[in-house]
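Read the structure below first, then the notes.
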There are 2 protein chains.
Amino acid sequence: MGDLAGQSVEGDLSYLPDSEFRRILSARISKESRAAIFSDMCRLNALYMIARAGSGHIGSSFSSLDIISWLLLEEMKEGDIYFSSKGHDAPGYYAALVGLGRLNFDLIHKLRRIDGLPGHPDIGTPGVVTNTGSLGMGISKAKGMVLANRMLKKSGRVFVLLGDGELQEGQIWESLTSAANFGLHEIIAIIDHNKLQSDTFIKNVSDLGDLEAKFRAFGWQVDRCDGHAFGALGGTLAKASGDLKPRIIIADTIKGKGVSFMEHTSLDSDVAMYRFHSGAPDADSYQRAAEEIIARLKQRMHGVGLPPLGLETIQRQASPGPSPSAQRLIPAYSRALLEQGNKHPNLVVLDADLVLDTGLIPFRDKYPDRFFECGIAEQDMVSMAGGMALRGLLPVVHSFACFLSARPNEQIYNNATEKTRVIYVGSLAGVVPGGPGHSHQAVRDISAVGAIPRLVIMEPCCEAEVGMLLDWAINQNSSSCYLRLVSLPWVVPYNLPKTYRLELGKGVALTDGTNVAIIAYGPVMLSAAVNAAQALREKSNIYVKVINLPWLNQIDGNWLASELGEVDHCFSFDNHYCIGGQGERIANAISAFTDKKTILHRVAIEQIPACGTNSEIIWAHGFNASKLAEKIQSVIGGQ
Amino acid sequence: MGDLAGQSVEGDLSYLPDSEFRRILSARISKESRAAIFSDMCRLNALYMIARAGSGHIGSSFSSLDIISWLLLEEMKEGDIYFSSKGHDAPGYYAALVGLGRLNFDLIHKLRRIDGLPGHPDIGTPGVVTNTGSLGMGISKAKGMVLANRMLKKSGRVFVLLGDGELQEGQIWESLTSAANFGLHEIIAIIDHNKLQSDTFIKNVSDLGDLEAKFRAFGWQVDRCDGHAFGALGGTLAKASGDLKPRIIIADTIKGKGVSFMEHTSLDSDVAMYRFHSGAPDADSYQRAAEEIIARLKQRMHGVGLPPLGLETIQRQASPGPSPSAQRLIPAYSRALLEQGNKHPNLVVLDADLVLDTGLIPFRDKYPDRFFECGIAEQDMVSMAGGMALRGLLPVVHSFACFLSARPNEQIYNNATEKTRVIYVGSLAGVVPGGPGHSHQAVRDISAVGAIPRLVIMEPCCEAEVGMLLDWAINQNSSSCYLRLVSLPWVVPYNLPKTYRLELGKGVALTDGTNVAIIAYGPVMLSAAVNAAQALREKSNIYVKVINLPWLNQIDGNWLASELGEVDHCFSFDNHYCIGGQGERIANAISAFTDKKTILHRVAIEQIPACGTNSEIIWAHGFNASKLAEKIQSVIGGQ
């Protein structure tokens, strides 16, 4: 779960400074030599950025860097556009932009920082032309750009880098037809065909078969070359588009290219898990990788008769990792799922290429025949689950919450209209981790699926509640559920009362209070609530009743009225946009109260979340306990 | 816009009774003769059903009926499953189920009625195994069924009928890969390849190219045959699956097959609009079509030596069509769009195969170079629009609200994170027309896209407000908008005040009242509100302030507090599910009021809407003025 980390590498970290890039760019050497040196320089800097950030995608950055370097150095002309549809290769691309002087050099120290470079591309960064991070949209975007160019009488080609795993998304194939019919020959899509997706081989996930035949059948011109051989790349790019067709270049690459033990070809079996897709290398891996790149660069410089490159090195202290006492909801979910799987032979598990991050490996290993790896194909996965439910199985469907609630949105509704039972589990919920950026920060999912009839949305605040909620969904409830899970380990300052039992729409008070209440859910917001309450009690003698309400779209109005009692001010903390969050449902209940007056105050996400470290993001959104306590005190100040 | 109609055919309508089906099914004639006679009998009854309902899909019912008849009569064995993924062929399939005695015969009189047969298939109908009506999900569902069968040790094949236009949906291609990888040879998908989608030829919309090559490249076994030649169909179906592959049969068919002037091959040019996709035939077309089928049946019966078939005939009075004084928002939108298009040369229009229903023909005819027909490819369309906006165009994107808000849900969010401006226009909004059923009743769209940052959702209540809102979106607002349009012509009992000017988040009172208010939007709910207010005034001397609030996800809390003044009871009428509707935003504002007490009462859709005539649906959901007036009176009764 590298996207969660934020645990950066300790020790000496090295990077190549701006001046060395200037020297290489102006050196009188062959194009191929320059590209090879530039590309490795970018590898070293990308490795530095990821090690320093504690998170980032090494494998794709390295597999794509030769392609990106050649495009930027030799192929692109004025008016041409480049972007990556998969977006995982961002650190490599940033390193190249920095190397070319198109981005402020200092940004290499600020990967995944709030004022730095986001985990996935965002147009706020110069040189980034479109936002990516959710897969499959690239060719469609490119088509729009080309059609706009034509209308506005602008010239220029659009180069789109695609991941091979990304080709599992239906939108890719949906987008091919009109590109061919419209004759959009300005589009040159390049597949970074590194044969792996996330943590393992594509052929183990959802084999893509004969890619060349597929693209040809859709009317595209197809070429293929070694994506690490500059001569072959250049020659293939130079080919003309036949009959004004859009073009696909399948560039065969190696995931982790450039560091022997990070190259996927070094895996000792084709079912092994690849360790360098995301996250940061450990200190030892970092050192070995850096040394290997530096040694090769030394050789390359020598080979072209240039003096060696001068490195800058800084000493880093590792940031602390998660506390051992942190609540880890994903492992708790793994255990709970296995337990339910033991009891229910008709329970089947579906995954969309996130088997590790969504905690499914224990289930898959124990029940391989009841585990279905669907690939990056969320619409297909959800409708398959619908078909399974119609025939009597109990499907449990997994992805990150940002994708699961949005990509197959209509498919979830269609299943719901059949009144079968499907359990959806969306992890990586909420605004943290802040490193991956807004494409991955699921703060819109409650709204996106909230109105679906008979779909009960719920979120646990600690490990114990994970098991309780899954048990409720499977053994007590008859309709479909959406279980929202925070993936980040989180230290929580509360325990659930021993007498706590789940009742739909009803919560439980964790602290006592009189005229002020906070309603929250999940470890991040509930911890903030309990800590804020403690601060108010200690500093201002204000007693706040903190209520854990794990039901996000179903609230029992009578329970709420009774629970709020004489409360004058109720605060709702939402790890979600204000619109459509749990607070909206609380408002709905409070606005119908007939005999009392509670004023509701909303704390929620008001704009597109920023990318940054977890604590940066918590502070940026005002979700830290001290700021929340201040806010509460300012509201009730007069009392 | 046949889905809106409900204007049924006047005069004599004929159908074949149950007894005649029994006679044919037990007659000693060849399989091919029986299928030909049965299929034409179903055509006559489907025609009757559609004429009586005033709405339904003739073209697809007729093109698919030979395939359906052969499957049901000859091919399917116990354990086999059949369903249509496209769902447009429902009347034909119902006629076949009725003919076989698997559905109560009386249901042929109840197409699109609340206790009858829904416009698109729903598992509430015996013989329907999955809900369809939104396209592209069929193969995924079939995969789920087959995998479940295997796990539960059930045998049987799954036959899925696909539309050819439907193949434009990305999910189709997304679903092919794992079907091949899993070796799901139990799946036999049949394409009703009638070459048309909705109202015109596929090649004019988004040409599918070499279908056979496409499916082969995805690892499926491909066969092709004449979908109206029973021998060829039977022979092709009888072929074995090679290497345990799933199978595609491309069945070449004729849209409207069986009635000469309804057959697409009778169109005099390949750019002509096809008139019999949906809606009802006029009285003359009905008579001519029925006569032609009856004459052919007579011949067929004679040919096999059987006495002629006995018809039942009933006299029908046409139901009244929409009043000439009805507000027609779609034509008003057509005019407003053209006007804005004249002013803004960078305004471009995108459509997903609903050019007629979404009112785009005037724009397309005047600005063909600024009109982009994207086919049934909503995800691709929305991301294309995103690319266009990034390059400086102002894209206006169209589909039915049910599809536009859900299928490209993540793509709309991705565009929003780029902070460009895209205008989304979702028509067929709300619970009526009630004929197409829940797949088309857009009552979840406000929730599905409501939380998207800077996306302003709005809905006009009359023709005049359509132009005002589009003008505001284009000329006064800087962020993206989602314009929600009721497509059904509707007589409204109000006029907007002459002084009315749009201000974001603020509405306008249409009637005066003191301590009771209704807030509503759009012609359907606002008419109900004004009529209910009038009834309360006349019968009970209760004065209700009715407020038109066209902003569905942005409400100005200060304005609302001031507008509600001394109001004790505020009613929110939502043409949407309760969760996530406008009422939720009103609740949010009211729950934050500090110095007064207004009790909010919600009127909204509480469960999956039923299919039926418009008035049946309005009554079923309690949206008629009298019921609403009663409800208001009961709440404030004590006063």
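Letters go in sequence order (proteins before strands), and every chain restarts at 1.
Only the backbone of E373(B) comes within contact range of chain A, with heavy atoms under 4.5 Å apart. Neither the backbone nor the side chain of H601(B) comes within less than 4.5 Å of any heavy atom of chain A. For A385(B), no part lies under 4.5 angstrom from a heavy atom of chain A. Heavy atoms closer than 4.5 Å to chain A are found in both the backbone and the side chain of I452(B). Residue A142(B) does not touch chain A at all, counting heavy-atom pairs closer than 4.5 Å. Only the side chain of N181(B) has a heavy atom closer than 4.5 Å to any heavy atom of chain A. Neither the backbone nor the side chain of S572(B) comes within contact range of chain A; no heavy atom of the residue lies under 4.5 Å from a heavy atom of that chain. Neither the backbone nor the side chain of V146(B) comes within less than 4.5 Å of any heavy atom in chain A. Only the side chain of K154(B) comes within less than 4.5 Å of a heavy atom in chain A; its backbone stays farther off. Only the side chain of F182(B) comes within contact range of chain A, with at least one heavy atom under 4.5 Å from a heavy atom of that chain. With a 4.5 angstrom heavy-atom cutoff, R150(B) does not touch chain A via any of its atoms.
Of all heavy-atom pairs between Y577(B) and A451(A), the closest is CD1-O, 3.6 Å. Among all heavy-atom pairs drawn from A592(A) and I599(B), the shortest one is O-CG2, 3.8 Å. Closest of all the heavy-atom pairs between A217(B) and K214(A) is O-NZ, 3.4 Å. The minimum heavy-atom distance linking L390(A) with I123(B) is given by the pair CD2-CD1, 4.1 Å.
Across E418(A), E169(A), Q554(A), the residue that shares the most heavy-atom pairs under 4.5 angstrom with chain B is E418(A). Of all the listed residues (N149(A), V443(A), D210(A)), the one sharing the greatest number of non-hydrogen pairs under 4.5 Å with chain B is N149(A). For the options A213(A), G209(A), G136(A), S206(A), heavy-atom pairs under 4.5 Å to chain B are most numerous at S206(A). In terms of heavy-atom pairs under 4.5 angstrom with chain A, the leader among L600(B), I590(B), N131(B), I81(B) is N131(B). Options S175(A), S447(A), A148(A), G450(A) differ in how many heavy-atom pairs under 4.5 Å they form with chain B, and the most are formed by S447(A). Interface summary for chain B: among I376(A), V449(A), L147(A), the most heavy-atom pairs under 4.5 angstrom belong to L147(A). Contact tally against chain B (heavy-atom pairs below 4.5 Å) for T177(A), D369(A), T420(A): the top residue is T177(A).
Using a 3.5 Å distance cut-off with no hydrogens or angles, the side chains of R444(B) and N409(A) do pair a donor with an acceptor. Between the side chains of N414(B) and K141(A), at least one donor N or O sits under 3.5 Å from an acceptor N or O. With hydrogens and angles left out, the side-chain atoms of S140(A) and D380(B) include a donor and acceptor closer than 3.5 Å.
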| message | For M151(A) and R391(B): C-alpha separation, side-chain torsions, deciding distance, then whether side chain to side chain contact (heavy atoms under 4.5 Å, CB included) applies. | response | CA-CA 10 Å; M151(A) 179 166 296; R391(B) 302 294 292 167; over 6 Å; no

| said: Run the side chain to side chain contact (heavy atoms under 4.5 Å, CB included) test on M137(A) and E410(B) for me, step by step, so that the C-alpha distance in whole Å, both residues' side-chain angles and the decisive distance to 0.1 Å come before the verdict. | reply: CA-CA 10 Å; M137(A) 303 180 192; E410(B) 192 178 11; 4.0 Å; yes

| message | Determine whether Q411(A) and Q171(B) satisfy the following criterion, side-chain hydrogen bond (donor to acceptor under 3.5 Å, both in side chains), listing intermediate values before the conclusion. | response | CA-CA 10 Å; Q411(A) 286 79 6; Q171(B) 189 179 352; 2.7 Å; yes

| Stepwise, does the side chain to side chain contact (heavy atoms under 4.5 Å, CB included) test hold for L152(A) with L393(B)? | CA-CA 9 Å; L152(A) 300 169; L393(B) 300 183; 3.8 Å; yes

| field | side chain to side chain contact (heavy atoms under 4.5 Å, CB included) between R585(A) and C578(B), intermediate numbers included | value | CA-CA 10 Å; R585(A) 304 262 66 219; C578(B) 179; 4.1 Å; yes

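In this structure, the side chains of K419(A) and I608(B) come closer than 4.5 Å at one or more pairs of heavy atoms.
Of the inter-residue distances, the one linking R602(B) atom CZ with S591(A) atom OG reads 7.5 Å to the nearest 0.5 angstrom. In this structure, the separation between CG on D568(A) and OG1 on T594(B) is 12.5 Å, given to the nearest 0.5 Å.
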